[in-house]
Undergrad: 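Take a look at this one; I'll ask things after.
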Amino acid sequence: MILRLEITLMSGVDDGLHFNHSTENGDGQLDDQRWTISIGRREDSDICLRHDIYVSRQHALIYWDGHRWWLQDCNSTNGTFIESRGADERVSGTIPINPGELFRVGRTWMRIEPTE
């Protein structure tokens with residue numbers, strides 16, 4: 001099975017930038033349990049946010065476990081947040097996330113785009 005993930009940056013210097021990832025292209029990390037995409041300031045992050053000084057080197061993970069998407073904060077300094085009923089809710093550990101939901105790492109808002 002080929003998995004795809006598209007994330008759009010919704011704020012910051014790179015507002016509107018799309019990140020397209022696919023298992024077919026060898027993106028992310030795939031094991032028998034899940035497909036993981038890393039977010040951080042490190043150059044080797046799948047989604048590198050080098051312009052946001054509030055993003056940790058290894059800030060967050062998005063992963064597919066075979067049934068749904070999950071968002072995990074990696075004990076980042078400035079936190080990972082998800083928009084919940086018009087307010088920012090800090091992510092503690094791992095939470096489910098749906099395509100179209102807004103989330104923030106550092107000062108950068110992002111959105112998982114629905115894919116076919």
Side-chain angles (χ1 to χ4, degrees):
M1 179 165 99
I2 297 172
L3 298 171
R4 291 184 176 83
L5 174 67
E6 181 180 341
I7 293 185
T8 300
L9 299 187
M10 305 301 290
S11 66
V13 175
D14 296 317
D15 183 20
L17 182 65
H18 298 276
F19 289 91
N20 293 296
H21 297 285
S22 168
T23 54
E24 185 176 40
N25 297 334
D27 299 327
Q29 182 177 350
L30 181 64
D31 61 31
D32 59 339
Q33 298 283 323
R34 65 186 193 183
W35 180 47
T36 305
I37 300 294
S38 61
I39 301 170
R41 245 187 24 249
R42 287 189 347 204
E43 289 294 322
D44 64 347
S45 296
D46 296 308
I47 298 175
C48 179
L49 300 173
R50 71 179 64 87
H51 300 294
D52 188 339
I53 62 171
Y54 294 94
V55 172
S56 297
R57 285 182 209 84
Q58 184 176 345
H59 197 104
L61 301 172
I62 294 179
Y63 66 87
W64 177 258
D65 74 353
H67 304 288
R68 69 170 310 136
W69 291 108
W70 296 87
L71 176 63
Q72 176 182 341
D73 182 75
C74 297
N75 297 317
S76 63
T77 302
N78 294 304
T80 300
F81 297 83
I82 190 162
E83 187 178 61
S84 176
R85 294 181 284 271
D88 297 357
E89 184 177 316
R90 190 170 185 141
V91 173
S92 178
T94 303
I95 64 164
I97 187 167
N98 297 309
E101 282 189 281
L102 292 174
F103 65 98
R104 176 169 61 87
V105 295
R107 295 274 171 101
T108 304
W109 281 100
M110 309 168 89
R111 181 176 64 207
I112 294 178
E113 300 293 346
T115 58
E116 296 179 10

Undergrad: Rounded to the nearest 0.5 Å, what's the gap from CG on Leu5 to OG on Ser22? Could you check?
TA: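 It comes to 10.0 Å.
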
Undergrad: Tell me, do Ile62 and Phe103 make a side-chain contact under 4.5 Å, heavy atoms counted?
TA: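 Result yes, sub-4.5 Å side-chain heavy-atom pair found.
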
Undergrad: If hydrophobic clusters are built by linking Ile, Leu, Val, Met, Phe, Trp and Tyr wherever their side-chain heavy atoms come under 4.5 Å apart, do Phe81 and Tyr63 end up in the same one?
TA: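 No; tracing contacts between hydrophobic side chains, which count when under 4.5 Å, never links both residues.
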
Undergrad: Donor-acceptor pair, Thr23 side chain versus Leu3 backbone, under 3.5 Å?
TA: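 Between the backbone of Leu3 and the side chain of Thr23 there is a qualifying donor-acceptor contact (under 3.5 Å).
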
Undergrad: Backbone N or O of Asp46 within a donor-acceptor pair of the Ser38 side chain at under 3.5 Å?
TA: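 Yes, because the side chain of Ser38 sits within donor-acceptor range (under 3.5 Å) of the backbone of Asp46.
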
Undergrad: Are Val91 and Val55 connected in a single hydrophobic cluster, I mean Ile/Leu/Val/Met/Phe/Trp/Tyr linked by side-chain heavy atoms less than 4.5 Å apart?
TA: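 They do share one cluster, since a chain of ILVMFWY contacts under 4.5 Å joins Val55 to Val91.
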
Undergrad: Hey, what do you get for CD (Gln58) to CZ (Arg42), rounding to the nearest 0.5 Å?
TA: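 It comes to 5.0 Å.
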
Undergrad: I would like to know whether Arg90 and Ile82 meet side-chain contact (heavy atoms from CB on, under 4.5 Å); could you show each step before the answer?
TA: CA-CA 7 Å; Arg90 190 170 185 141; Ile82 190 162; over 6 Å; no

Undergrad: Supply the atom-to-atom distance Gln72 CD to Thr36 OG1, rounded to the nearest 0.5 angstrom.
TA: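 Rounded to the nearest 0.5 Å, the CD-OG1 separation comes out at 8.0 Å.
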
Undergrad: If you draw the axis of the six-membered ring of Trp109, does the NZ or CZ of Arg111 fall within 45° of it and under 6.0 Å from the ring centre?
TA: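 Negative - Arg111 is either too far from the ring of Trp109 or too far off its axis.
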
Undergrad: Flag yes if Ile7 and Trp69 sit in one hydrophobic cluster, no otherwise; membership is Ile, Leu, Val, Met, Phe, Trp, Tyr, and two members link when side-chain heavy atoms are under 4.5 Å apart.
TA: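 Yes, because Ile7 and Trp69 connect within a single hydrophobic cluster, where side-chain heavy atoms sit under 4.5 Å apart.
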
Undergrad: Going through the checks in order, is the side-chain contact (heavy atoms from CB on, under 4.5 Å) test met by Trp70 and Asp65?
TA: CA-CA 8 Å; Trp70 296 87; Asp65 74 353; 3.0 Å; yes

Undergrad: Show the nearest heavy-atom pair for residues Glu113 and Pro99, with the distance to one decimal.
TA: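 Closest approach of Glu113 to Pro99, heavy atoms only: C-CB, 4.3 Å.
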
Undergrad: Scan residues 5-28 for pairs that pass salt bridge (Lys or Arg N to Asp or Glu O under 4.0 Å), counting only residues two or more places apart or in two chains.
TA: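 For residues 5-28: Arg4-Glu24.
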
Undergrad: If you round to the nearest 0.5 Å, how far is CD1 of Ile112 from CG of Leu71?
TA: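 Leu71 CG to Ile112 CD1: 7.0 Å, rounded to 0.5 Å.
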
Undergrad: For the backbone of Arg107 and the side chain of Asp52, can you confirm whether one donor and one acceptor N or O come within less than 3.5 Å of each other?
TA: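 Yes; judged by distance alone, with no hydrogens or angles, the pair exists.
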
Undergrad: With side chains defined as the heavy atoms from C-beta onward, is the minimum distance between Leu9 and His18 less than 4.5 Å?
TA: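 The answer is no; the side chains never approach within 4.5 Å.
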
Undergrad: Does atom CZ of Arg68 have more than 12 heavy-atom neighbours, drawn from other residues, nucleotides or ligands, at distances under 6.0 Å?
TA: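 Correct, the count exceeds 12.
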
Undergrad: With no hydrogens and no angle check, is any side-chain donor or acceptor of Asn78 less than 3.5 Å from a backbone partner on Tyr54?
TA: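 Yes: the side chain of Asn78 pairs with the backbone of Tyr54.
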
Undergrad: Any link between Phe19 and Val13 through a network of hydrophobic side chains (Ile, Leu, Val, Met, Phe, Trp, Tyr) touching at under 4.5 Å?
TA: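 In one cluster: no.
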
Undergrad: Once you round to the nearest 0.5 Å, how far does SG of Cys48 lie from CZ of Arg41?
TA: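 Reported to 0.5 Å precision, the distance equals 9.0 Å.
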
Undergrad: Measuring from Met10:CE to Leu17:CG, what's the distance to the nearest 0.5 Å?
TA: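 Going from the CE atom of Met10 to the CG atom of Leu17 covers 12.0 Å.
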
Undergrad: Does CD belonging to Gln29 count more than 12 external heavy atoms closer than 6.0 Å?
TA: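 Check fails, neighbour count at 12 or below.
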
Undergrad: Is any side-chain heavy atom of Leu102 closer than 4.5 Å to a side-chain heavy atom of Arg104?
TA: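 Sidechains of Arg104 and Leu102: no contact.
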
Undergrad: Return the minimal non-hydrogen interatomic distance between Glu89 and Ser84, and the atom names on each side.
TA: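 Shortest heavy-atom separation between Glu89 and Ser84 comes out as OE1-OG, 3.1 Å.
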
Undergrad: Evaluate the side-chain proximity of Ile47 to His21: yes if any heavy-atom separation is below 4.5 Å, no if none is.
TA: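 They are in contact (side-chain heavy atoms under 4.5 Å apart), so the answer is yes.
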
Undergrad: Quick check on the hydrophobic clustering: are Ile97 and Val105 connected, directly or via other members, by side-chain heavy-atom contacts under 4.5 Å?
TA: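 The answer is yes; both residues are in one hydrophobic cluster.
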
